[in-house]
Amino acid sequence: QVQLVESGGGLVQAGGSLRLSCAASGRTFSRYAMGWFRQVPGKEREFAAAISWSGGLTYYADSVKGRFTISRDNAKSTVFLQMNSLEPEDTAVYYCAAARGSIATMNKGEYAYWGQGTQVTVSS
């Protein structure tokens, strides 16, 4: 079993920044790809960013490309999402997810474990 605990969400003004963290436990963190997804009420959970097991390959949704950066620290079993130039449209609950394999993917179905989520609210 894998446990994922997100932190770092909060309220920020448009144009501001936040850094989300996700601490993992329960299996060898460094072997698996990780991802961040987000969800607003009434909508499907959508992909935001993903990173391969080594951190050498990353993917981003078009809506966040150039503003968000995903990274990981395998020694600390933690994945991060640095969010800059935040917009009100970024308001959502952000979820950390651990993939079934080592390859980064945008496919939600390829993620086996999910955190509880952290709220990010961007005011205009």
Side-chain angles (χ1 to χ4, degrees):
Q1 193 69 14
V2 175
Q3 293 78 43
L4 302 172
V5 179
E6 301 100 334
S7 61
L11 173 64
V12 64
Q13 288 188 328
S17 298
L18 282 175
R19 189 192 197 205
L20 305 183
S21 299
C22 173
S25 62
R27 69 175 184 181
T28 306
F29 177 80
S30 61
R31 293 182 182 175
Y32 300 94
M34 299 292 294
W36 286 96
F37 290 75
R38 63 187 186 181
Q39 188 171 22
V40 297
K43 290 191 175 181
E44 291 275 330
R45 191 170 298 185
E46 66 174 17
F47 169 77
I51 188 167
S52 63
W53 68 275
S54 66
L57 190 61
T58 56
Y59 291 120
Y60 297 94
D62 288 343
S63 58
V64 308
K65 199 172 296 182
R67 301 186 298 120
F68 290 12
T69 302
I70 188 171
S71 61
R72 65 190 296 162
D73 184 340
N74 285 343
K76 296 183 178 179
S77 297
T78 302
V79 63
F80 306 97
L81 186 67
Q82 178 66 44
M83 305 186 295
N84 298 330
S85 302
L86 283 162
E87 304 167 351
E89 293 73 23
D90 296 316
T91 296
V93 176
Y94 282 71
Y95 295 90
C96 171
R100 303 178 194 280
S102 61
I103 298 174
T105 174
M106 297 180 282
N107 185 347
K108 190 167 49 179
E110 292 298 315
Y111 289 85
Y113 301 98
W114 296 84
Q116 292 299 306
T118 185
Q119 176 71 46
V120 171
T121 303
V122 184
S123 63
S124 56

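We number each residue from 1, following the sequence as shown.
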Checklist line | Side-chain touch Arg45/Trp114, heavy atoms, less than 4.5 angstrom | finding: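 A side-chain contact exists here, since the closest heavy-atom pair is under 4.5 Å.
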Ignoring hydrogens, what is the shortest heavy-atom contact between [X] and [Y]? Give both atom names and the distance.
X: Ala99; Y: Tyr32; result: O-CD2, 3.6 Å
X: Gln1; Y: Gln3; result: CG-NE2, 3.4 Å
X: Tyr94; Y: Leu81; result: CD2-CD2, 4.2 Å
X: Pro88; Y: Ala14; result: CD-CB, 4.1 Å

Next item on the list: List the steps, then state whether side chain to side chain contact (heavy atoms under 4.5 Å, CB included) holds for Met34 with Cys96.
Entry: CA-CA 7 Å; Met34 299 292 294; Cys96 171; 3.6 Å; yes
Checklist line | Residue pairs passing the ring-ring contact (aromatic ring centres under 6.0 Å, His included) test where at least one lies in residues 48-75, sequence neighbours excluded | finding: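 Found none.
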Next item on the list: Would you sort out whether Val79 and Ile51 count as a side chain to side chain contact (heavy atoms under 4.5 Å, CB included), showing the intermediate values?
Entry: CA-CA 9 Å; Val79 63; Ile51 188 167; 4.2 Å; yes
Checklist line | Ile103, CD1 atom: more than 12 neighbouring heavy atoms under 6.0 Å | finding: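 No.
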Next item on the list: Would you please indicate if the ring centroids of Tyr95 and Phe37 are separated by under 6.0 Å?
Entry: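 Centroid distance Tyr95-Phe37: not below 6.0 Å, so no.
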Verify, without hydrogens or angle tests, whether [X] (side chain) and [Y] (backbone) share a donor-acceptor contact under 3.5 angstrom.
X: Thr28; Y: Ser30; result: no
X: Arg67; Y: Ser63; result: yes
X: Thr78; Y: Lys76; result: yes

Check: With sequence neighbours excluded, what pairs up with Lys65 under the salt bridge (Lys or Arg N to Asp or Glu O under 4.0 Å) test?
Finding: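 Lys65: salt bridge (Lys or Arg N to Asp or Glu O under 4.0 Å) contacts with Asp62.
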Note to self: Under the rule for salt bridge (Lys or Arg N to Asp or Glu O under 4.0 Å), what residues qualify as partners of Arg38, not counting sequence neighbours?
What the structure shows: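 Result, salt bridge (Lys or Arg N to Asp or Glu O under 4.0 Å) vs Arg38: Glu46, Asp90.
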Check: What residue pairs, at least two apart or across chains, pass side-chain hydrogen bond (donor to acceptor under 3.5 Å, both in side chains) with a residue in residues 4-14?
Finding: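 Applying side-chain hydrogen bond (donor to acceptor under 3.5 Å, both in side chains) to every pair that reaches into residues 4-14, excluding sequence neighbours, yields nothing.
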Next item on the list: Sorted by first residue and then second, give each side-chain hydrogen bond (donor to acceptor under 3.5 Å, both in side chains) pair with at least one member in residues 115-124; sequence neighbours left out.
Entry: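 For residues 115-124: Gln119-Thr121.
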Next item on the list: Decide whether a cation-pi geometry holds between Arg72 and Phe80; the criteria are a distance under 6.0 Å from NZ or CZ to the six-membered ring centre and an angle within 45° of the ring axis.
Entry: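 Not flagged: Arg72 not positioned over aromatic ring of Phe80.
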Note to self: Hydrophobic clustering (ILVMFWY, side-chain heavy atoms < 4.5 Å, transitive) - are Val122 and Trp36 grouped together?
What the structure shows: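 Yes, same cluster.
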Checklist line | Rounded distance (nearest 0.5 Å) linking atom OH of Tyr111 with atom CG of Leu4 | finding: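 Spacing of OH (Tyr111) from CG (Leu4) equals 11.5 Å.
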Check: Nearest 0.5 Å, what's the OG1-CZ distance between Thr69 and Arg19?
Finding: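 One gets 10.5 Å once the value is rounded to the nearest 0.5 Å.
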Next item on the list: With side chain to side chain contact (heavy atoms under 4.5 Å, CB included) as the test, would you mind laying out the steps for Gln82 and Ser17 before giving the verdict?
Entry: CA-CA 8 Å; Gln82 178 66 44; Ser17 298; 4.0 Å; yes
Checklist line | Pair listing, salt bridge (charged side-chain N to carboxylate O under 4.0 Å, His left out) test, anchored in residues 98-118, at least two apart | finding: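 Output for this query lists Glu44-Lys108.
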Checklist line | Step-by-step side chain to side chain contact (heavy atoms under 4.5 Å, CB included) determination, Val120 to Leu20 | finding: CA-CA 9 Å; Val120 171; Leu20 305 183; 4.0 Å; yes
